[in-house]
Peer 1: 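Quick one: this structure, given as structure tokens, is what I'll be asking you about.
If you're wondering where the values come from, they're calculated on a predicted model, not measured in any experiment. Letters A, B, ... are given to chains in the order of the sequence lines, protein chains preceding strands, and every chain is numbered from 1.
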Amino acid sequence: MVTIRLQNSLTRRKEVFEPLDPGNVRMYVCGPTVYDRAHLGNARPVVVFDVLYRLLRHVYGEGAVTYVRNFTDVDDKINTRAREMQVAGDSRDLNAIIRTLTDETIGWYHADMDALGALRPAHEPRATEYIGQMIAMIAALIEKGCAYAAEGHVLFDVRAYPDYGRLSGRSVDDMIAGARVEVAPYKRDPMDFVLWKPSSDDEPGWNSPWGRGRPGWHIECSAMAQDLLGPAFDIHGGGLDLQFPHHENEIAQSCCAHPDAGFARVWMHNEMVQVEGKKMSKSLGNFFTVRNLLDQGWPGEVIRFVMLQTHYRKPMDWTESRARTAEKTLKRWISEYVHSPFGQGVADSVSVVSGFLDALADDLNTPKALTILREFEKERLRGVNISADDVAVFVRTLRLLGLDGVRQNAASLPRDVKRHFEELNLTRRIADMIDAARSERNFAKSDRIRDAAITAGFEVKIEKAGASVFSTREADYEKLKRLEREAP
RNA sequence: GGCGGGUUGGCGGAGAGGUUACGCAGCGGAUUGCAAAUCCGUGUAGACCGGUUCGAUUCCGGUACCCGCCUCCA
């Protein structure tokens, strides 16, 4: 069996991965707060942990991995957004607006992440469906003396957990020394954080032993992970910016609630997505959404490929030149191999490219894994006598990486099918026009048509067997239609 | 200020204490009616200063610069 090694943020070392139960490998990844379209930064952990999920399924078996990713659908940012909608004229009450907003955002998220080729996790719990479990956990923490109620709030007492700060490598005292935190008067210690807080009458709220209120941000992950994966599980992942305070607080809550369980054994953090050297984030406003890129015509697989070209623990830049390079390679891989006769119906039992799994198993070294694919292509697939087996191996490997060009979900297709076929027929007719001119050796005419098609944003290939016209991101079908009518 | 990460050729980006990474772009050639695509060939590295070593881009120390977290964030 392949030995998987993963960098564990908790120990700051690369460790051999040994699941608690090889028959049920369990992974929890922090999902989005649902009030807006997912930006590219939100998408990175989705792709990174999707690759890990696929690797684990490959190694331990498809049914032997449980993947949980939550939706945070109770949060002050959501409330704020809903209030903005009220101000803008939405006459419904806040809770109704919030429900619509979160439902709609979850739908967008699914469509966008499907387009990136990410498999859906086994469970995608919404925080609001786990309020009872959160209240129970908070009550247990109070009972154990790790939390206290004050002025309608419940706070976690960081001094009750001696290891607080271990994950992020900081001490409570150091943090207070450099304090930038606003200290609420009811806090015993400046670093204490909220488990429960009171809600105003129009805000979302639930009855609790501490009055009507809502949970703090961190408790949901502790409660949902425990409910769906148990008090101890294998992997907990998320963006590096969640390491502190979110994950630190999760650990404190869960480990105090279940002192002997240990919570997550391996903590993994992906680096940030950057734009011009700065973190892409909603608070900085320098973000663009996955939907923006899809609408610009970048296929989801290209976005995925660009992400895989950077190791997950390094900052990643989205640039058009990287996307173009990725598109070029991917186009060739999919058209030459996946869509070739040898690439059809390749079984999962086919082996993967030699060395590929080792690269992935080495802390998800996806850049190296892609290089191994390129080298395999160069050595085995560029010759005259290509073997069907080699193509099958290649296609099987692409599928494992989620790059086989087969979308998970028809809803993510960029165009409706009818239009797609109309366009396909149009490009075929243009190719026929070029062939007709060439067969008369009227090269001036065939060149004019070709150049006009290229100007309209299409790719034209003229081979002995005939001409082909391909669509590109810049393709303008209206111009092509005009070209057909007014053939120069 | 505290803690953590990074700096590789025009760009992207790996591994390894000593042998070509790889890709894109560029350049030369083949092929083509001309292009595109494809194929063959090819140059440019390891922030800076020290140390260890027969030998360091790779290990150690320092300097500079960049980035992240410390406040909501993937």
Peer 1: Would you check if the distance from the ring center of A/Phe376 to the ring center of A/Phe356 is below 6.0 Å?
Peer 2: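 Ring-ring flag for A/Phe376/A/Phe356: false, centres at least 6.0 Å apart.
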Peer 1: Measuring only the P atom in each nucleotide, how far is B/rG4 from B/rG41? A whole number of Å is fine.
Peer 2: 48 Å
Peer 1: Do the side-chain N or O atoms of A/Lys461 get closer than 4.0 angstrom to the phosphate oxygens (OP1, OP2) of B/rU38?
Peer 2: no
Peer 1: When we call it a touch if two heavy atoms are under 4.0 Å apart, what does A/Ser281 touch: a base, just sugar-phosphate, or nothing?
Peer 2: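 Contact class for A/Ser281: base.
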Peer 1: Taking the C1' atom of each, how far is B/rG33 from B/rC40, in whole Å?
Peer 2: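 One C1' to the other, the span is 23 Å.
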Peer 1: Ignoring backbone atoms, test whether A/Lys464 places a side-chain nitrogen or oxygen under 4.0 Å from the OP1 or OP2 oxygen of B/rU31.
Peer 2: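 Checking B/rU31 against A/Lys464, no side-chain N or O comes under 4.0 Å of OP1 or OP2.
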Peer 1: Within the structure shown, what part of the strands sits under 4.0 Å from A/Val273 by heavy-atom distance: base, sugar-phosphate, or nothing?
Peer 2: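 The answer is base, as A/Val273 lies within the cut-off (heavy atoms under 4.0 Å) of a base atom.
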Peer 1: Could you tell me whether A/Leu242 contacts a base, only the sugar-phosphate backbone, or nothing, with contacts defined as non-hydrogen atoms closer than 4.0 Å?
Peer 2: sugar-phosphate
Peer 1: Does the side chain of A/Thr11 pick up a donor-acceptor pair with the side chain of A/Arg13 at under 3.5 Å?
Peer 2: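 Note: A/Thr11 and A/Arg13 side chains miss the donor-acceptor criterion.
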Peer 1: Using atom P in both nucleotides, what's the gap between B/rG10 and B/rG26 to the nearest angstrom?
Peer 2: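 It works out to 16 Å between them.
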Peer 1: Would the distance check show the side chain of A/Asp234 and the main-chain N or O of A/Met27 forming a donor-acceptor pair, the cut-off being under 3.5 Å?
Peer 2: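 No; zero donor-acceptor contacts below 3.5 Å.
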Peer 1: Under 3.5 Å, is there a donor-acceptor pair linking the side chains of A/Ser446 and A/Arg438?
Peer 2: no
Peer 1: Let me know, please, whether A/Gln274 or A/Gly239 comes out on the 5' side of the other along RNA chain B by nearest nucleotide.
Peer 2: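 Between the two, 5'-proximity favours A/Gln274.
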Peer 1: Do A/Ser168 and B/rC69 share a donor-acceptor pair, side chain to base, under 3.5 Å?
Peer 2: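 No such pair is found, so the answer is no.
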Peer 1: Identify whether any heavy atom of A/Arg438 sits under 4.0 Å from a base atom; if not, whether one sits that close to sugar-phosphate; answer base, sugar-phosphate or nothing.
Peer 2: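 Contact class for A/Arg438: base.
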Peer 1: Can you tell me which stems RNA chain B forms when a stem means 3 or more consecutive Watson-Crick or G-U pairs under 3.5 Å?
Peer 2: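 When the pairs of RNA chain B are grouped into runs of at least three, the stems are B:1-7 with B:64-70, B:10-12 with B:22-24, B:26-30 with B:38-42, B:47-51 with B:59-63.
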Peer 1: Ignoring hydrogens and geometry beyond distance, is a side-chain donor-acceptor pair present between A/Ser254 and A/Gln226 at under 3.5 Å?
Peer 2: no
Peer 1: Given B/rA14, B/rA35, B/rC22, which nucleotide is nearest the side-chain atoms of A/Ile462?
Peer 2: B/rA35
Peer 1: Which of these nucleotides, B/rA25, B/rA35, B/rC70, is closest to any side-chain atom of A/Lys328?
Peer 2: B/rA25
Peer 1: Using a cut-off of 4.0 Å on non-hydrogen atoms, how would the nucleic acid contact of A/Gly169 be classed: base, sugar-phosphate, or nothing?
Peer 2: sugar-phosphate
Peer 1: For atom P, what is the distance between B/rU58 and B/rC24, given to the nearest Å?
Peer 2: 29 Å
Peer 1: How far does the P atom of B/rG55 sit from the matching atom of B/rA16, given to the nearest Å?
Peer 2: 23 Å
Peer 1: Which whole number of Å gives the distance between the P atom of B/rU20 and that of B/rU42?
Peer 2: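 Comparing P positions in B/rU20 and B/rU42 gives a spacing of 12 Å.
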Peer 1: Would you check if the distance from the ring center of A/Tyr28 to the ring center of A/Tyr67 is below 6.0 Å?
Peer 2: no
Peer 1: Could you measure between the two P atoms, the one in B/rG28 and the one in B/rC65, and give it in whole Å?
Peer 2: 42 Å
Peer 1: Students often mix this up, so state it plainly: with edges at 30° and 60°, are the rings of A/His269 and A/His247 parallel, tilted or perpendicular?
Peer 2: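 Rings of A/His269 and A/His247: tilted, as their planes differ by 30° to 60°.
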Peer 1: Can you find an N or O donor on one side and an acceptor on the other, under 3.5 Å apart, linking the side chain of A/Asn365 with the base of B/rG15?
Peer 2: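 Looking at the base of B/rG15, it does not pair with any donor or acceptor on the side chain of A/Asn365 (distance under 3.5 Å).
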Peer 1: Counting the atoms with a prime plus P, OP1 and OP2 as sugar-phosphate, which does A/Phe443 contact under 4.0 Å by heavy atoms, base, sugar-phosphate, or nothing?
Peer 2: base
Peer 1: Say you pick atom C1' in B/rA14 and the same atom in B/rG46; how far apart are they, in whole Å?
Peer 2: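 It comes out at 13 Å once rounded to the nearest Å.
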Peer 1: Could you check whether A/Gln243 gets within reach of a base, just the sugar-phosphate, or nothing at all, counting any heavy atom under 4.0 Å?
Peer 2: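 If one applies the 4.0 Å heavy-atom cut-off, A/Gln243 turns out to touch nothing in the nucleic acid.
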Peer 1: Fit a plane to each ring of A/Trp333 and A/Phe394, take the angle between them on a 0 to 90° scale, and name the class: parallel (under 30°), tilted (30 to 60°) or perpendicular (over 60°).
Peer 2: perpendicular
Peer 1: Scan A/Pro367 against the nucleic acid and name what it touches under 4.0 Å (heavy atoms): base, sugar-phosphate only, or nothing.
Peer 2: sugar-phosphate
Peer 1: Counting any heavy atom closer than 4.0 Å, what does A/Lys77 reach on the DNA or RNA strands: base, sugar-phosphate only, or nothing?
Peer 2: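 Sugar-phosphate contact only.
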Peer 1: At less than 3.5 Å, do the side-chain atoms of A/Arg322 and the base atoms of B/rC11 form a donor-acceptor pair?
Peer 2: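 Result: no qualifying N/O pair found.
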Peer 1: Is A/Lys378 close enough to B/rG23 that one of its side-chain N or O atoms is under 4.0 Å from OP1 or OP2 there?
Peer 2: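 Yes, because at least one side-chain N or O of A/Lys378 sits under 4.0 Å from OP1 or OP2 of B/rG23.
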Peer 1: Identify whether any heavy atom of A/Ser446 sits under 4.0 Å from a base atom; if not, whether one sits that close to sugar-phosphate; answer base, sugar-phosphate or nothing.
Peer 2: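 The answer is base, as A/Ser446 lies within the cut-off (heavy atoms under 4.0 Å) of a base atom.
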Peer 1: Name the residue closer to the 5' end of RNA chain B, choosing between A/Arg450 and A/Gly277 according to the nucleotide with the nearest heavy atom.
Peer 2: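 The answer here is A/Arg450.
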Peer 1: A/Thr319 near the nucleic acid: base, sugar-phosphate alone, or nothing, with a heavy-atom cut-off under 4.0 Å?
Peer 2: nothing
Peer 1: Using a heavy-atom cut-off of 4.0 Å across all strands, would you classify A/His39 as base, sugar-phosphate, or nothing?
Peer 2: base
Peer 1: Take the angle between the ring planes of A/His39 and A/Phe287 and call it parallel below 30°, perpendicular above 60°, tilted in between.
Peer 2: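 Rings of A/His39 and A/Phe287: tilted, 30 to 60°.
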